[in-house]
Amino acid sequence: MRVTRRTVMAGLAAAPALRVVPGKLAGFRRRTDARPIISADPQSTFFCPMRKAPVHWRALHAFNPAAVAHDGAVYVLFRAEDDSGAMELGGHTSRLGLARSTDGINFEVLPAPVLYPADDGQRAAEWDGGCEDPRLAVAEDGRFVCTYSQYNRKAVYLGIASSRDLVFWTKHGTAFAGTRYETMMMKSAAIVHRLVNDRLVAARIGGRYWMLFGQGKIHAAHSDDLIRWTPVESAPGQLKVVMAPRPDRFDSVLAEVGPPPVLTPQGIVMLYNGKNAAAGGDPARPALEYACGRAILDPRDPTRVLERADTPFFAPELSWERTGQYQAGTTFIEGLVRFDGRWLLYYGAADSVTGVAVSTDRWL
């Protein structure tokens, strides 16, 4: 079935009206003792089922974290890079590690990765680049759904996996299986959530779940089960663009969705990552810097932007946010939880370590 704006709006027609109020920027701040909360560990060892040998799976970097609050703790699923391959960006094998914290700040990392390339049905898509850049969703029935990048060094695909405990995962392959976009190279996806008793849960809008995805430009897709997704088109074979880069702004090279967007009384609050151009970007920001933006989408039509800030609400400042694999500066947001009366925003810094920012705003 081809999905266009007309069919999307028809499906949303029965949704209750919701008054949209322009919102202010989220007040995320670093803690006074701000430091990386998850870092590399050269001693971490894991028996790789692909190499048939032990590897130091977290030897070089630990960054780009997804997050959920569950059973009185915060769990972070992060990208870890081993010391194989070329000593350059993207030159190593990535696996997803899991860390747990009872305060959202101090984490204990499990000794082995939980989602990684294996001799399974996704081997061709994931070896030997690996599993990268996760976002997490929580279903109404308690299941966890992870969107992540499958990278085989030739192509990158948007993968889906599910779990009941965050440790053992079932891989479902590409998010777009069964559609004309099944073999499309794509990455970066986050599923729209709503806040239920201080807990983020995947939200249905017009009877469907919604996902924002894409690197460079942001697109939308919908699903009945959180596993198989149908992209929204503006014309046959053409993805509808929800958000594109803007000249002279901090997001002049690309716009890439961050953590799960949140359905609020103001609309759908989408925090995203923007990259500044070396020429033709925001002259007040460093060239090629990744900073964090905020937009509000129509709560009845997630493909429509109502408001988009011209300046970032959070950007690299500290030395460890500019010293590492990516020295132009990176605060790359992927995880957001409501925990202990605060919003906690988790980000990758300089493609090397993981940081956290805090907000006490009730709504973003």
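In what follows, residues are counted from 1 in the order of the sequence shown.
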Would you call the rings of Tyr347 and Trp320 parallel, tilted or perpendicular if under 30° counts as parallel and over 60° as perpendicular? parallel
Might you point out which heavy atoms bring Arg246 and Ala309 nearest each other, and give the distance in Å? NH2-O, 2.9 Å
Sub-4.5 Å side-chain heavy-atom contact between Arg204 and Arg194: no
Pairwise distance OG1(Thr179) to CZ(Arg228) - rounded to 0.5 angstrom: 10.0 Å
Working note: Thr147 + Phe213, criterion side-chain contact (heavy atoms from CB on, under 4.5 Å); need CA distance, chi angles, decisive distance, verdict. CA-CA 10 Å; Thr147 64; Phe213 70 92; over 6 Å; no
Residues Asp141, Arg164: salt bridge by 4.0 Å N-O rule: yes
Quick one: does Asp282's side chain have a donor or acceptor within less than 3.5 Å of a partner on Asp251's backbone? no
side-chain contact (heavy atoms from CB on, under 4.5 Å) between His219 and Val232, intermediate numbers included: CA-CA 8 Å; His219 309 283; Val232 178; over 6 Å; no
Would you indicate whether the side-chain heavy atoms of Arg95 and Cys48 approach each other to under 4.5 Å? yes
Measure from NZ or CZ of Arg30 to the centre of the six-membered ring of Phe314 and say whether it is under 6.0 Å with the direction within 45° of the ring axis. yes
Are Leu115 and Leu136 connected, step by step, through hydrophobic side chains (Ile, Leu, Val, Met, Phe, Trp, Tyr) whose heavy atoms are closer than 4.5 Å? yes
At what distance, to the nearest 0.5 angstrom, does NZ of Lys217 lie from CG of Leu239? 10.0 Å
Between Pro117 and Met50, which heavy-atom pair has the shortest distance, and what is it? O-CG, 3.6 Å
Residue pair Ser84 / Arg51, side-chain donor-acceptor N/O under 3.5 Å: yes
Counting only heavy atoms not in Arg35 (residues, nucleotides, ligands), do more than 12 fall under 6.0 Å from its CZ? yes
Looking at side-chain heavy atoms only, is the closest gap between Leu271 and Phe28 below 4.5 Å? yes
Would you say the side-chain atoms of Thr323 pair up with the backbone N or O of Glu321, donor to acceptor, closer than 3.5 Å? no
So, for Phe63 and Val353, which heavy atoms are closest and what is the spacing to 0.1 Å? CB-O, 3.5 Å
Rounded to the nearest 0.5 Å, what's the gap from CH2 on Trp127 to CG on Asn152? Could you check? 12.0 Å
Hey, are Gln150 and Glu126 close enough side-chain-wise for a donor-acceptor pair under 3.5 Å? yes
More than 12 heavy atoms from other groups under 6.0 Å of CD on Glu108: no
Nearest heavy-atom pair of Asn106 and Ser101: which atoms, and what distance? O-OG, 2.8 Å
Just by distance, with hydrogens left out, do Ser162 and Arg143 show a side-chain donor and acceptor under 3.5 Å apart? no
Is there a donor-acceptor contact under 3.5 Å from the side chain of Ser94 to the main chain of Gly130? no
Show the numbers, then the answer: is there a side-chain contact (heavy atoms from CB on, under 4.5 Å) between Leu297 and Leu212? CA-CA 11 Å; Leu297 310 181; Leu212 284 305; 4.2 Å; yes
Donor on one side chain, acceptor on other, Tyr157 and Gln122, under 3.5 Å: no
By the definition side-chain contact (heavy atoms from CB on, under 4.5 Å), identify the one residue from Val68, Leu77, Val114 that meets it with Leu166. Val68
Exam field: side chain Arg199 to backbone Arg338, donor-acceptor pair closer than 3.5 Å: no
Fit a plane to each ring of Tyr181 and Phe176, take the angle between them on a 0 to 90° scale, and name the class: parallel (under 30°), tilted (30 to 60°) or perpendicular (over 60°). perpendicular
I'd like to check Val337 versus Tyr346 (side-chain heavy atoms, cut-off strictly below 4.5 Å). Are they in contact? yes
Do Val74 and Ile38 belong together in a cluster built from hydrophobic side chains that touch within less than 4.5 Å? yes
Is there a donor in the side chain of Gln325 and an acceptor in the side chain of Glu81, or the other way round, less than 3.5 Å apart? yes
May I ask you to test the Cys292-Thr331 pair for a side-chain heavy-atom distance under 4.5 Å? yes
Grouping I, L, V, M, F, W and Y whenever their side-chain heavy atoms are under 4.5 Å apart, do Leu96 and Tyr116 come out in a common cluster? no
Heavy-atom closest pair (Ile105 atom, Phe107 atom, distance to 0.1 Å) is O-CD1, 3.4 Å
For the pair Thr354 (side chain) and Ala62 (backbone), establish whether a donor and an acceptor sit closer than 3.5 Å, ignoring hydrogens and angles. yes
Ring geometry between Tyr75 and His70 (parallel below 30°, tilted from 30 to 60°, perpendicular above 60°): tilted
Out of curiosity, does Phe144 fall in the hydrophobic cluster containing Val262 (side-chain heavy atoms, cut-off under 4.5 Å, transitive links)? no
Given 3.5 Å as the limit, does a donor-acceptor pair link the side chain of Asp83 with the main chain of Leu60, or not? no
Is it the case that the ring center of Phe332 lies less than 6.0 angstrom away from the ring center of Tyr326? no
Does Ser188 reach the main-chain N or O of Glu256 with its side chain, forming a donor-acceptor pair under 3.5 Å? no
NZ (Lys154) with more than 12 external heavy atoms under 6.0 Å: no
Answer yes or no: does atom CG of Asp33 have more than 12 heavy-atom neighbours from other residues, nucleotides or ligands under 6.0 Å? yes
For Val253 and Asn276: C-alpha separation, side-chain torsions, deciding distance, then whether side-chain contact (heavy atoms from CB on, under 4.5 Å) applies. CA-CA 6 Å; Val253 171; Asn276 197 27; 6.0 Å; no
For Ser163 and Phe168, indicate whether the former's side chain and the latter's backbone hold a donor-acceptor pair under 3.5 Å. yes
With a 4.5 Å limit on heavy-atom distance, are the side chains of Trp210 and Pro261 in contact? no
Nearest-0.5 Å distance, CD1 of residue Ile191 to CZ of residue Arg135: 11.5 Å
Do Leu158 and Met211 come close enough that some side-chain heavy atom pair is under 4.5 Å? yes
Distance check, rounded to the nearest 0.5 Å: Thr93 atom OG1 versus Asp82 atom CG? 4.5 Å
So, do Ile268 and Ile205 sit near enough that their side-chain heavy atoms are less than 4.5 Å apart? yes
So, for Ala40 and His61, which heavy atoms are closest and what is the spacing to 0.1 Å? CB-N, 3.8 Å
For Tyr272 and Arg294, test the side chains for any donor-to-acceptor distance below 3.5 angstrom and give the result as yes or no. no
Applying a strict under-4.5 Å side-chain criterion to I, L, V, M, F, W and Y, I'd like to know whether Met186 and Tyr209 cluster together. yes
Decide whether Asn64 and Asp133 meet the rule of one side-chain donor and one side-chain acceptor closer than 3.5 Å. yes
Rounded to the nearest 0.5 Å, how far does CZ of Arg285 lie from OG of Ser252? 11.5 Å
Lys240 (side chain) donor-acceptor with Pro231 (main chain) under 3.5 angstrom: no
